[in-house]
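Right, one structure below, let's go through it.
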Amino acid sequence: TVGTVVEGAPAIVPEGLLGWATHGGSGRIRVACLANREVTLSVLDQRTRDEGILSWTPPLPGQLELHDVPLQADWKTGDRVITSGLGTVFPRGLLVGWVSGSVTDEAGRGKRVQVRAAASPAQTEELFFLVRGPGEGGDELIHYPPDSVAVLADSAGGAPPDSLGAPAPGAEAGSSSAADTGGERS
């Protein structure tokens, strides 16, 4: 049987992690995307295993950024950035994007690492939700077909349940992105 999409279920497209479900019911699901001022996400560099906290960098929709990265950390352009698995929302290993550059912060004590998001809400054609099943290996994907996906701006995305909980640097209330989908489970 196919499980029900619950609030906080990771939203995945073939290109990578898009966000998470913020509301389910009546065949309609709203997805809060990573390009959201209130989002912080624990990630790691797949090559080096260096960890960091990722947030959206307004106003660029596909540009994410890690702040306060130690100067000695070895994040290189082109490295794959994946979820770290810390917390209870996102399992380890979901593709978030690729390192696109880095700069030393203004104080010279750390650096900011720019990440190009793998998934784009504007180009979403197929959407899957990772639903946790009971026990080990009970996870399943629920597919929402291409004709049921529409992208819109949303002012009530919010952080996923059990996320790191801290607002992104420079976060302003009332501004986020979301994909609103209505589809059938398959």
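- Linking Ile, Leu, Val, Met, Phe, Trp and Tyr residues whenever their side-chain heavy atoms come within less than 4.5 Å leaves V115 and L95 in two separate clusters.
- Follow the hydrophobic side-chain contacts under 4.5 Å out from I82 and you never reach W56; the two are in separate clusters.
- The two residues A11 and F129 have their closest heavy-atom pair at CB-CE2, 3.8 Å.
- At a threshold of 4.5 Å between non-hydrogen side-chain atoms, the residues E15 and S120 do not count as touching.
- Interatomic distance, L34 CG to L41 CG, rounded to the nearest 0.5 Å: 6.0 Å.
- Atom CG in D74 sits 14.0 Å away from atom CZ in R49 (nearest 0.5 Å).
- Transitive grouping of hydrophobic side chains (ILVMFWY, heavy atoms separated by less than 4.5 Å) brings V89 and L17 into a common cluster.
- For the pair T104 (side chain) and K111 (backbone), a donor-acceptor distance under 3.5 Å is absent.
- For S84 (side chain) and L44 (main-chain N/O), no donor-acceptor pair under 3.5 Å exists by modelled atom type.
- Taking the side chain to side chain contact (heavy atoms under 4.5 Å, CB included) definition, one finds that T77 meets it with nothing, sequence neighbours left out.
- Residues F90 and L130 fall within the same hydrophobic cluster, defined by Ile, Leu, Val, Met, Phe, Trp and Tyr side chains chained together at heavy-atom separations under 4.5 Å.
- The distance from the CD atom of Q114 to the OG atom of S102 is 7.0 Å, given to the nearest 0.5 Å.
- Within the model, atoms CG of L66 and OG1 of T57 stand 9.0 Å from one another, a figure rounded to the nearest 0.5 Å.
- For the atom pair CG (D79) and CH2 (W98), the distance works out to 12.5 Å, reported to the nearest 0.5 Å.
- Enclosure of atom CG in D68 is not indicated, since only 12 or fewer non-hydrogen atoms of other residues, nucleotides or ligands lie within 6.0 angstrom.
- Separating the CD1 atom in I53 from the NE2 atom in H67 is a distance of 11.0 Å, to the nearest 0.5 Å.
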